[in-house]
Amino acid sequence: MLKIFKHLRKKDWLLVTLGVAFIALSVWLELRIPGYMREITMLVQAPGTEVSEIWIQGLWMLGTAFMAMITTVIVGYLSGRVAAGFGRDLRVKVFGKVMSFGMAEVNGFSVPSLITRGTNDISMVEQIITIGFMTLVRSPIMAVWATTRVFDQGLEWAIATMVSVGVLLVTIVILIIFALPKFKIIPKLTDRLNLVAREHLSGIRVVKAYNAKAHEAEKFEKANHELMKTNRFAERMMASLWPVVGVVMQALPLAIYLIGAYLINNAIGEFDLEESGALFASMMVFAQYAIQVVMSFLMMSFMLVFLPQAIIAARRINEVLEKEETLTYPETSQSPTNTYTGVAVEFRGVNFKYPEADDYVLEDINFTIKDGETAAFIGATGSGKSTVLKLITRAYDRTSGEIAIAGKDIKVYTEKELTDKIGYTLQKATLLSGSIASNVAFGKKDATAHLSDIKEATDLAQAEEFISKLEQTYESEITQGATNVSGGQRQRLSIARTLFRKSDILIFDDSFSALDYKTDRKLREALKKNRRDVTKLIVAQRVSTIMDADKIIVLDEGRVVGVGTHQALLENCNVYYEIASSQLSKEELANG
């Protein structure tokens, strides 16, 4: 828990220190109030007391109470400011850390868990600062200070107070033993519930298409019921504390008054009226001190229950912030160890397996793609086509071997250099809420300043046709999830976003699959004509998409089984021939 506070700013530490000082002042002021009550009680009983004397003590007591209230308000303001600022800083750091993760780290945490850690868990830490700052600092000070005052008033009353505190502490310990394990698993169950809800919402079209609403509702109900059952048990255990608190809070004053009555009665029996008056005043004061002692221990006990939840939340946040990144980039570009003149991309003996996996996904991958070439990757589902592209973009790092771009190992490029050099279109087109222009010029603050480049990119991507028919053309809004455009339109805008960057290497990871054959052909012709010097890497399932490529690389079960042109592979590669023969007619095969 304490480790997370290293992210607290120096200015906030100053506010914390100031808050502690005000808390101590507030406690001192509150403990002065019973003293004034004692003075007023003694004055009322003393013969010949002037009303003005009582008024003076009363005004002092009201002034002290008012000052205590002001200091408490100041502490609340300071704690709220520290908590809000700390929460803001944590969210920025967690989000920034997540953005720096590679796919291995993201998959290790899972997206729903990262969302929970960046929202619910940080809110829990904020709450513990807001509430706990006052409780964890104020209650110990009040408990120690008030306890010393209690023992000054009389041993009999002090014993009654300590017995009450003991009953509360025993109850709290029992609750912690039974409820704490449940509180520990609640965040994991919340992650699970978020996962189920997120899957259902993101895949709602599939759910409706297969009429699987009842099945999904059952999954959600199971996760929801498990969370509810655990939460209910923990909350019931906590609720059982209140009857004990109620009994103690009622029994303690009763015990104080009974003991006081007994002591006063003895004093009266001995005709010591002065002593009896002092005992009555002490009893009134002690009742206030005793309640403050019990309330202080009670609030500390409550924090002992809620603190573990905050500790778990802080630990989960720290796991993200302290996660050692497997994917790192140099701060400045480094000199290449080898130089390959005229070669855009080269794989040399590359092997890869996913983190914590036993089997290799890619084995001994070797190929060379020259500048300006169009290279295509084809193979059965699961053969490793997309994985090859992920290694080029460093979504994952190769397990062994060497990958070079423009004669330099990809690990010597800075992140900006590598991303500037590569334009990448994913198989699943993702557009963000905003205008068409802002999506195509993604990453640029002012998209309208690049309108000519946007138009060029959308024209090449064959998106100009449908954009020009829209009322606001490039300023037309894209809704969240891009639900107001079709799959083909979404894919063309995604391709336009890649072309807008004017990168040296363009990667299309099965990006043409959502396009019809006519649009597919027109797009490839436009790329060949207008981006002749750009190296293009295409993953495709359709042979017609790649048959004109300069080089086709055939993958099978994570190995390269053929490299060559369409015609050469038809003659020399059985895997490619089988794929081609399943899609092309005999005449098309014969004509190559």
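Using a 4.5 Å cut-off on side-chain heavy atoms (C-beta onward), L493 and V440 make contact. Put simply, the side chain of N231 does not reach to within 4.5 Å of the side chain of L189, judged on heavy atoms. Side-chain contact between I505 and I369: absent, with no pair of heavy atoms (C-beta onward) separated by less than 4.5 Å. The closest side-chain heavy-atom distance from V388 to V350 is not below 4.5 Å. Inter-residue side-chain proximity for Y396 and V361 is flagged as unmet; no heavy-atom pair is nearer than 4.5 Å. For the pair T419/R501, a side-chain contact is recorded, criterion being any heavy-atom separation below 4.5 Å from C-beta on. Looking at C573 and V561, their side chains come closer than 4.5 Å, going by heavy atoms from C-beta outward. For the pair I129 and V125, the minimum side-chain heavy-atom distance is below 4.5 Å.
Applying the salt bridge (Lys or Arg N to Asp or Glu O under 4.0 Å) test to pairs two or more places apart or on separate chains, those with a residue in residues 559-580 are E363-R559. For residues 519-540, no pair satisfies ring pair (Phe, Tyr, Trp, His ring centres under 6.0 Å), with sequence neighbours left out. Here salt bridge (Lys or Arg N to Asp or Glu O under 4.0 Å) pairs that include residues 82-104, with residues two or more places apart or in two chains, are R9-D89, R91-E126, K97-E325.
Across every non-hydrogen atom of I454 and A441, the tightest pair is CD1-CB, 3.9 Å. Here the shortest heavy-atom pairing between E464 and K455 reads OE1-O, 4.3 Å. Taking all atoms of both residues into account, the shortest heavy-atom contact from L426 to Q491 is O-OE1, 3.7 Å.
Y424 meets the ring-ring contact (aromatic ring centres under 6.0 Å, His included) test with no other residue; sequence neighbours excluded. Judged as a salt bridge (Lys or Arg N to Asp or Glu O under 4.0 Å), and not counting sequence neighbours, the contacts of D397 are R394.
Taking a cutoff of 4.0 Å between a charged side-chain nitrogen and a carboxylate oxygen, R521 and E525 qualify as a salt bridge. A salt bridge does not link R117 to D121: none of the charged side-chain nitrogens sits closer than 4.0 Å to a carboxylate oxygen.
Taking NE2 of H566 as the start and CG of L569 as the end, the distance is 9.0 Å to the nearest 0.5 Å. Here the CD-CZ distance, from E402 to R348, works out to 6.0 Å after rounding to the nearest 0.5 Å.
In this structure, a donor-acceptor pair under 3.5 Å is absent between the side chains of N351 and T399.
Side chain of T393 to main chain of L389: a donor-acceptor pair is present (N/O by atom type, distance under 3.5 Å, no hydrogens or angles). With Y576 contributing its side chain and G564 its backbone, the two residues share no donor-acceptor pair below 3.5 Å. The backbone N or O of A463 sits nowhere less than 3.5 Å from a side-chain atom of R492 that would complete a donor-acceptor pair. Of the possible donor and acceptor atoms, none in the side chain of K385 sits under 3.5 Å from a partner among the backbone N and O of D510. Formation of a donor-acceptor pair under 3.5 Å by the N530 side chain with backbone atoms of A526 is found in this model. Under the 3.5 Å distance criterion, the side-chain polar atoms of N572 are matched with a main-chain donor or acceptor of A568. Formation of a donor-acceptor pair under 3.5 Å by the Q462 side chain with backbone atoms of L460 is found in this model. Of the possible polar contacts, one joining the R531 side chain to the L499 backbone as a donor-acceptor pair under 3.5 Å is found. Distance alone, capped at 3.5 Å, places no donor-acceptor pair between the K219 side chain and the A197 backbone. R192 places no side-chain N or O within 3.5 Å of a backbone atom of L227 that could act as its donor or acceptor partner.
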- Message: side chain to side chain contact (heavy atoms under 4.5 Å, CB included), that's the test. Do E456 and D453 meet it? Break it down for me.
- Response: CA-CA 5 Å; E456 179 189 353; D453 291 332; 4.1 Å; yes
- Query: Where do F352 and F347 land on the ring-ring contact (aromatic ring centres under 6.0 Å, His included) test, with the steps shown first?
  - Reply: CA-CA 12 Å; F352 173 72; F347 274 53; over 10 Å; no
- Would you sort out whether F377 and I507 count as a side chain to side chain contact (heavy atoms under 4.5 Å, CB included), showing the intermediate values? CA-CA 11 Å; F377 297 84; I507 296 178; over 6 Å; no
- Checking salt bridge (charged side-chain N to carboxylate O under 4.0 Å, His left out) for the pair D359/K353: CA distance, chi angles, key distance, verdict? CA-CA 6 Å; D359 299 325; K353 62 180 178 181; over 6 Å; no
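Residue F442 places its CZ atom among 12 or fewer non-hydrogen atoms of other residues, nucleotides or ligands, all under 6.0 Å distant. Within a 6.0 Å radius of CZ in R524, other residues, nucleotides and ligands contribute more than 12 heavy atoms.
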Show me the donor-acceptor pairs within less than 3.5 Å that the side chains of residues 548-558 make with the rest of the protein, sequence neighbours left out.
from: D550; atom 1: OD2; to: T374; atom 2: N; distance (Å): 2.8
from: K551; atom 1: NZ; to: T368; atom 2: O; distance (Å): 2.4

